[in-house]
Structures are given as structure tokens and as C-alpha cells.
Amino acid sequence: MTGAERREQLLDIGRTLFAERGFEGTSVEEIAAKAGVSKPVVYEHFGGKEGLYAVVVDREMRQLLDMVTGALTAGHPRELLEQAAFALLDYIETFTDGFRILVRDSPVAQSTGTFASLISDIATQVEDILGLEFKARGFDPKLAPLYAQALVGMVALTGQWWLDVRKPKKAEVAAHLVNLAWHGLDGLEAKPRLIGHRKS
């Protein structure tokens with residue numbers, strides 16, 4: 001096996017183990033044993049478990065971000081919401097292990113490399129689209145980042161739930177997400193107000 005092939009093998013094994021057991025529950029010994037190599041080989045390629053984990057997380061984040069940004073092609077704003085919802089649900093369905101890794105907390109992933117930072121990256125992509133829609137409707141486009149975070153967070157958290165239950169079917173989940181988001185956006189107030197007694 002070449003060095004590049006060994007590296008890929010270790011990444012595949014690490015990805016599977018991190019998805020099953022998390023960062024803390026996975027050991028270098030176990031990764032090495034599954035690969036049929038000694039511990040020093042893992043250290044040689046990645047400097048340790050932390051280095052291997054960082055590469056796995058980086059790859060998964062790039063995969064998900066590419067799928068979401070690639071899905072936001074064009075069309076009516078409601079169709080863009082559908083495209084984003086489907087992209088995340090497609091990723092969860094196709095790269096289940098990767099999604100399980102991304103939603104776990106890890107000591108390696110500080111301000112970057114966390115699910116929250118990934119969601120923020122995706123929201124940034126959606127922000128521009130929402131900004132244009134806000135401007136067209138006479139709303140303050142400076143609020144687009146807030147709404148982008150809310151929309152992407154809603155889809156991501158629903159995706160976490162759907163990961164385990166897998167019901168209803170993906171298209172139905174996407175339809176319900178878009179229904180809530182779109183009809184909520186369709187009736188959006190230019191200056192939202194609170195109706196309860198609490199004002200601050």
C-alpha cells in the first residue's frame with residue numbers, strides 16, 4: 001500500500017470510528033488495529049488522533065458546504081429554500097457518518113470546525129439571497145444575516161432529528177420545512193413587534 005493509500009485507509013477507518021463512538025471514545029490503538037498497522041504509522045500520517053480527526057471534520061465540512069452552495073442554483077426564492085433543505089437532507093442521507101461526526105462536540109473543534117461554525121458558513125451563502133429578497137420587499141437588508149441564521153438553523157436542527165427517525169420521507173420533510181419558512185416569510189412584518197408584556 002502506498003503512503004497515500006494508507007492515509008486514505010486511516011481516514012476511512014477514523015471516520016467510521018468517530019461516527020460510532022465520537023472523538024473521546026476512539027483511540028489511536030483501535031484505529032491502528034483496524035488498519036492492521038502499528039500506532040506509530042497513525043502518528044506518522046496525522047501526528048495523532050487530533051490530527052486525523054481534524055482532517056476528517058474538514059473533509060466533511062467541505063462536502064456539506066459544497067452540496068449546499070452547489071444546490072443554490074437559481075429560481076424563485078421559495079425554490080431556493082427547497083434546494084437548500086434538500087441539499088442538507090441529501091447530505092444526511094448519503095454521508096450519515098460524516099453528519100454524525102459534525103454534530104458531535106469535540107475538544108479539537110474550537111471556534112472553527114464545529115457544527116455551529118458550519119451552519120454559520122452555510123447561512124452566509126443564504127444571506128445574500130435573503131438580502132436581495134428583503135430589498136425587493138422593502139425590508140431592511142441588514143437583517144438578512146439574522147434571518148439566514150434562523151432559517152439554516154431550523155433546517156439543520158430538523159436534519160439532526162431526521163437523522164435518527166428517518167420518517168417522514170425526505171421530500172415530505174423538505175416540504176414541511178419550506179412550508180414553515182416560506183409562509184412565515186410571506187407574512188413577514190416590516191417592523192416586527194412583540195405582543196406580550198415583556199419588551200426587553
If you look at every heavy atom in [X] and [Y], which pair is closest and at what distance?
X: L10; Y: A35; value: CD2-CB, 3.6 Å
X: W162; Y: P168; value: NE1-O, 2.9 Å
X: M154; Y: A181; value: CE-CB, 3.6 Å
X: F18; Y: F23; value: CD2-CA, 4.0 Å
X: W161; Y: K167; value: CH2-O, 3.4 Å
X: P141; Y: G131; value: CB-O, 3.8 Å

request  = Could you check L102 against Y91 for side chain to side chain contact (heavy atoms under 4.5 Å, CB included), going step by step and ending with a plain yes or no?
outcome  = CA-CA 12 Å; L102 291 178; Y91 173 80; 3.6 Å; yes

key: Side chains of M1 and R7 in contact at under 4.5 Å (non-hydrogen atoms)   = no

Residue list, side chain to side chain contact (heavy atoms under 4.5 Å, CB included) with [X], at least two apart or on another chain:
X: A174; result: A85, F86, L89
X: S120; result: Q149
X: L163; result: I92, T96, F99, R100, R166

query = What do the steps show when you test D90 against K170 for side chain to side chain contact (heavy atoms under 4.5 Å, CB included), and what is the final call?
reply = CA-CA 8 Å; D90 285 342; K170 179 171 53 177; 2.4 Å; yes

Any chance you could measure [X], atom [atom1], to [Y], atom [atom2], to the nearest 0.5 Å?
X: L143; Y: D140; atom1: CG; atom2: CG; answer: 4.5 Å
X: W182; Y: L80; atom1: CH2; atom2: CG; answer: 9.0 Å
X: L151; Y: E127; atom1: CG; atom2: CD; answer: 11.5 Å
X: E24; Y: K49; atom1: CD; atom2: NZ; answer: 5.5 Å
X: L146; Y: L130; atom1: CG; atom2: CG; answer: 10.5 Å

ask   = Between K39 (side chain) and V28 (backbone), is there a donor-acceptor pair under 3.5 Å?
value =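 Not at all, since once roles are kept as given, no pair shorter than 3.5 Å links the two residues.
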
message = Keeping R15 on the side-chain end and D97 on the backbone end, is there a donor-acceptor pair under 3.5 Å?
response = no

query = Out of L11, L64, I101, which one pairs with R59 under the side-chain contact (heavy atoms from CB on, under 4.5 Å) rule?
reply =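 Running side-chain contact (heavy atoms from CB on, under 4.5 Å) over L11, L64, I101 with R59 returns exactly one hit, L11.
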
ask   = Are H176 and L180 close enough, and set up right, to give a side chain to side chain contact (heavy atoms under 4.5 Å, CB included), and what steps lead you there?
value = CA-CA 6 Å; H176 283 287; L180 175 61; over 6 Å; no

key: Whether over 12 other heavy atoms sit under 6.0 Å from K34 NZ   =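 Open.
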
